[in-house]
Amino acid sequence: MTAAGDEAIKNGAAALAMAGAESLSSPELLAEIKAEFEASCIKV
C-alpha cells in the first residue's frame, strides 16, 4: 500500500461512518432511506 492508498481508505471509512451516524441521528432521514430501499427492492 502507498501513503495515498492509506489516506483514501481512511477517507472512505470516515465518510461511511459519518453517513451512518447522520442516518441514525435523524429519524426523518432514516425513514426516507427505508422507504427508498423498500421501493427499490424487487417484489417476488
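Here the OG-NZ distance, from Ser23 to Lys34, works out to 10.0 Å after rounding to the nearest 0.5 Å. Going from atom CD of Glu22 over to atom CD1 of Ile33 covers 8.0 Å, rounded to the nearest 0.5 Å.
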Can you give me every donor-acceptor pair (side chain of residues 2-21, partner residue at least two apart or in another chain, under 3.5 Å) with its distance?
{"unit_1": "Thr2", "atom_1": "OG1", "unit_2": "Gly5", "atom_2": "N", "d": "3.0"}
{"unit_1": "Asn11", "atom_1": "ND2", "unit_2": "Glu7", "atom_2": "O", "d": "3.4"}

